[in-house]
Amino acid sequence: MSEDAASETDVQTSEKLVELAKRRGYFFQSSGAYGGVGGFYTFGPQGAALKGNVEDAWRDRFAVAEGNMEIDAPTIMPEPVFEASGHLDTFDDMLVDCPECGESHRADHVVEDNTEYEDAESLPIPEVEEVIAEYELICPSCSAGLAGQAVETFNLMFATNIGPGDSDPGYMRPETAQGIFVEFPRLKEYARNQLPFGVTQIGRAYRNEISPRRSIIRTREFTQAELEYFIDPEEDDPDLESVADVDVTLYPAREQNTEGSSEIETTIGEAVEAGIIGDEWVAYFLGIAKPWYESVGVDMDRFRFRQHLSGERSHYAADCWDAEGKIDGNWIELAGFANRTDYDLSKHDEYSDDRFTIFRQYDEPKTVERATVDPDMSYLGPEFGGDAQTVVDELETLAERDRSAFDGETVEVELEGETHELPVEKTGFSVDEETIAGEHITPHVIEPSFGVDRLVYTVLHHAYREDEVAGEERTYLDLEPEVAPTFVGVFPLQSDEDLEAVADEIVADLRDAGLSVTYDDSGNIGRRYRRQDEVGTPFCVTVDYETIEEEETTVTVRERDTTDQKRLPVEDLDETLAEIRDGDLEFSDI
RNA sequence: GCGCCGGUGGUCUAGUGGUAGGACAUGAGCUUCCCAAGCUCAUAGCCCGGGUUCAAUUCCCGGCCGGCGCACCA
């Protein structure tokens with residue numbers, strides 16, 4: 001797929017952002033004192049606050065506002081869970097290195113592409129090595145022979161042992177989703193066995209990436225916010241009307257495969273109508289995700305939904321769309337919206353001891369006639385000896401298949417090629433009416449899965465601004481008040497006990513009002529404004545001599561983006577600021 | 001995992017076979033000071049290991065970490 005070339009300014013933005021993130025405490029590489037580890041990042045004070053606010057915003061929208069329930073499952077689960085989920089097999093790559101050019105190739109792909117083997121992935125390693133030698137397979141890059149090269153497996157899951165010894169292997173979950181699926185039998189009870197219902201989880205997931213890249217965007221430990229929405233595929237429909245008018249930028253598979261085609265601007269309603277989004281449930285969640293992304297500060301000019309190409313779909317997904325954000329001219333995945341159908345629940349149903357189904361009651365109980373047998377064993381036993389049970393099985397099958405066989409005085413039963421006749425009265429044959437209230441079905445799962453770290457990065461990147469104030473260059477983060485780590489900075493204009501005393505009081509008042517406040521009395525006032533600009537604090541309050549000299553106690557409130565200032569009474573400062581934060585009041589309207 | 005490039009205070013960076021200089025930031029103080037002001041002082045650095053050498057931050061090898069490309073991203 002062709003991508004826009006990364007523009008120079010964007011690259012610079014990215015570099016500056018990473019530098020700012022380190023310097024100001026948004027995020028930085030972990031364990032730096034020990035040389036650092038690849039793919040692990042620590043969110044500093046600002047970053048942790050921002051991330052927490054983003055998670056809260058997600059929780060409000062996808063758990064609370066949708067009436068879904070949130071859980072918090074362990075990050076380590078035993079091996080059988082991942083046998084069932086398929087991660088043990090499909091997360092396992094076979095790699096073979098070329099002795100000449102050093103290229104690393106998927107051994108299973110090399111085998112499948114050049115032999116009649118179709119599912120090389122399922123072959124044991126020694127056998128794959130044998131096949132490579134036997135067919136004298138060559139390196140796809142430089143054509144050097146690969147025979148004799150070791151095939152190594154690499155599973156992207158972090159392995160560990162549960163308890164002492166290594167008899168009980170476990171893995172760090174590679175997606176939070178499994179923690180939800182595994183607990184389905186209990187979760188459905190909490191949902192009172194009623195579909196549809198949704199379960200969310202915000203938590204860490206782990207993938208031992210071969211090559212972590214691009215700072216926080218591809219790490220080995222990351223945070224996901226996932227919703228597993230369980231539906232009855234035949235009965236449940238989403239409230240599409242509520243999102244029909246949401247404008248979206250879509251990049252369907254067809255456009256991706258067509259030279260010269262690009263994204264299309266449409267609405268959720270029209271896209272469903274036109275069959276562009278095939279799954280209405282996926283469409284619904286795209287419809288609520290878009291405005292949510294906008295609300296936390298993703299630039300909608302650098303945002304789109306892209307449909308997965310058939311080849312890149314997961315082993316479970318029927319149709320899949322990604323939310324993507326543009327960074328440095330490249331699109332990165334922010335979320336995946338997949339209809340996982342009944343894949344996960346069926347697998348866990350099959351592999352575990354529990355039932356991963358829901359009882360669907362019919363509108364009207366169905367009455368069916370059922371032919372059954374209840375053979376007289378005191379007759380069959382002596383008559384057939386050790387074959388008696390086989391005869392019973394045959395009778396049961398026959399009753400279901402062809403009840404007319406029991407119409408006469410006797411019934412014929414096939415036993416090891418021989419036909420036996422026995423009296424119908426000894427079979428206990430009867431046709432009864434049975435009432436069936438419903439059936440057990442395996443729900444389908446719609447999964448919106450959000451990457452939190454990548455979103456935080458995107459929000460920061462899209463918020464990065466440079467401008468000029470009074471002839472001086474300025475860097476600031478145009479963060480939404482809802483997610484900004486700090487909402488207001490409070491300063492005494494200069495070092496002065498009287499000013500500091502008033503400022504201290506204001507800090508206490510604002511914190512009482514539930515606002516996130518920082519206090520700073522160090523250095524020139526302009527420098528303090530710039531410090532707050534750089535971490536994206538929307539407002540600053542300054543206590544000056546007018547505050548303590550005039551009759552009415554007032555302070556200046558300064559807005560980050562415009563640097564405009566207004567003089568406001570201290571008395572209702574907390575209420576005014578809270579209104580602004582909650583979006584009920586505009587600074588410019590005060 | 002492979003290839004190329006790189007790693008110097010908190011951040012950015014100069015430089016060197018004889019252990020380092022700047023800028024910004026940070027802290028203390030002075031200047032009645034609303035947009036990175038000035039002055040004084042202070043804190044703080046050559047990624048790790050091995051080799052060559054009298055001497056290595058510098059040269060060589062290996063590792064770790066980062067950026068980019070390939071592969072990978074269920």
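Atom set for the values below is all heavy atoms of this structure, side chains included, hydrogens, waters and symmetry mates excluded. To find a chain, count down the sequence lines: A is the first, B the second, and so on, and within it residues start at 1. From a predicted model like this one, the values you see are computed outputs, not experimental measurements.
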Whole angstrom is fine here: how far is it from CG in Asp467(A) over to P in C35(B)?
15 Å
Report the distance from atom CD of Glu534(A) to atom C1' of U11(B), rounded to the nearest whole Å.
10 Å
U13(B) to G27(B) separation - C1' atoms, rounded to the nearest Å
23 Å
Does Gln565(A) make a side-chain donor-acceptor contact with the base of C34(B), cut-off 3.5 Å?
yes
When rounded to whole Å, the CZ to P distance for the pair Arg530(A) and A36(B) reads 5 Å
Rounded to whole angstrom units, what separation is found between the CZ atom of Arg531(A) and the P atom of C24(B)?
14 Å
Taking atom C1' in both U19(B) and C46(B), compute the distance separating them and give it to the nearest angstrom.
8 Å
Classify the nucleic acid contact of Asp496(A) as base, sugar-phosphate or nothing, counting any heavy atom under 4.0 Å across all strands shown.
nothing
Does the base of C64(B) carry an N or O that pairs as donor and acceptor with the side chain of Tyr34(A) under 3.5 Å?
no
Please determine if a side-chain N or O atom of Ser522(A) lies less than 4.0 Å away from the OP1 or OP2 oxygen of G27(B).
yes
Quote, to the nearest angstrom, the C1' distance that separates G17(B) from U53(B).
9 Å
Is the Tyr293(A)-Phe450(A) ring centre distance short of 6.0 angstrom?
yes
Measure the acute angle between the ring planes of Tyr229(A) and Trp281(A), then classify it against the limits of 30° and 60° as parallel, tilted or perpendicular.
tilted
Separation of C65(B) atom C1' from Lys22(A) atom NZ, nearest Å, is 11 Å
Pair Arg567(A) + Asp544(A), salt bridge at N-O below 4.0 Å
yes
Under 4.0 Å between a side-chain N/O of Arg218(A) and OP1 or OP2 of C72(B), yes or no?
no
Quote, to the nearest angstrom, the P distance that separates C73(B) from C4(B).
25 Å
Arg454(A) or Asp564(A): which one's nearest nucleotide on RNA chain B is closer to the 5' end?
Asp564(A)
Backbone N or O of Val543(A) within a donor-acceptor pair of the Thr547(A) side chain at under 3.5 Å?
no
If we take the P atom in both C47(B) and U57(B), what is their distance in whole Å?
9 Å
Can you find an N or O donor on one side and an acceptor on the other, under 3.5 Å apart, linking the side chain of Asn524(A) with the base of A36(B)?
no
Could you give the CG-to-C1' distance, from Asp498(A) to U32(B), as a whole number of Å?
12 Å
Whole-Å C1' distance, A56(B) and A74(B):
48 Å
Look at all strands and tell whether Gly336(A) reaches a base, only sugar-phosphate, or nothing, counting heavy atoms closer than 4.0 Å.
nothing
Check this one for me: any side-chain N or O of Lys16(A) less than 4.0 Å away from OP1 or OP2 of U11(B)?
no
Hey, is the side chain of Thr563(A) pairing donor to acceptor with the base of C35(B) inside 3.5 Å?
no
How far, in whole Å, is C68(B) from A25(B) if one measures between their C1' atoms?
30 Å
Tell me what Ser215(A) touches on the nucleic acid: a base, only sugar-phosphate, or nothing, going by heavy atoms under 4.0 Å.
sugar-phosphate
Determine whether a donor-acceptor pair (one donor, one acceptor, N or O, separation below 3.5 Å) exists between the side chain of Arg558(A) and the base of C35(B).
yes
Answer with base, sugar-phosphate or nothing: what part of the nucleic acid does Arg528(A) contact at a heavy-atom distance below 4.0 Å?
nothing
Roughly how many Å is it from OH in Tyr529(A) to C1' in A36(B), rounded to a whole number?
13 Å
Which is more 5' along RNA chain B, the nucleotide nearest Arg567(A) or the one nearest Asp520(A)? Just name the residue.
Asp520(A)
Run the salt-bridge test on Arg340(A) and Glu226(A) with the 4.0 Å N-O cut-off and return the result as yes or no.
no
Looking across every strand, which nucleic acid part, if any, lies under 4.0 Å from Glu473(A) by heavy atom: base, sugar-phosphate, or nothing?
base
Rounded interatomic separation in angstrom, taking CG from Leu493(A) and C1' from U31(B):
14 Å
Pair Asp453(A) + Arg218(A), salt bridge at N-O below 4.0 Å
no
Mind checking the C1' distance from C65(B) to A23(B)? Whole angstroms is fine.
26 Å
Parallel under 30°, tilted from 30 to 60°, perpendicular over 60°: which one fits the rings of Phe181(A) and His348(A)?
tilted
side-chain N/O Arg527(A) vs A37(B) OP1/OP2, d < 4.0 Å
yes
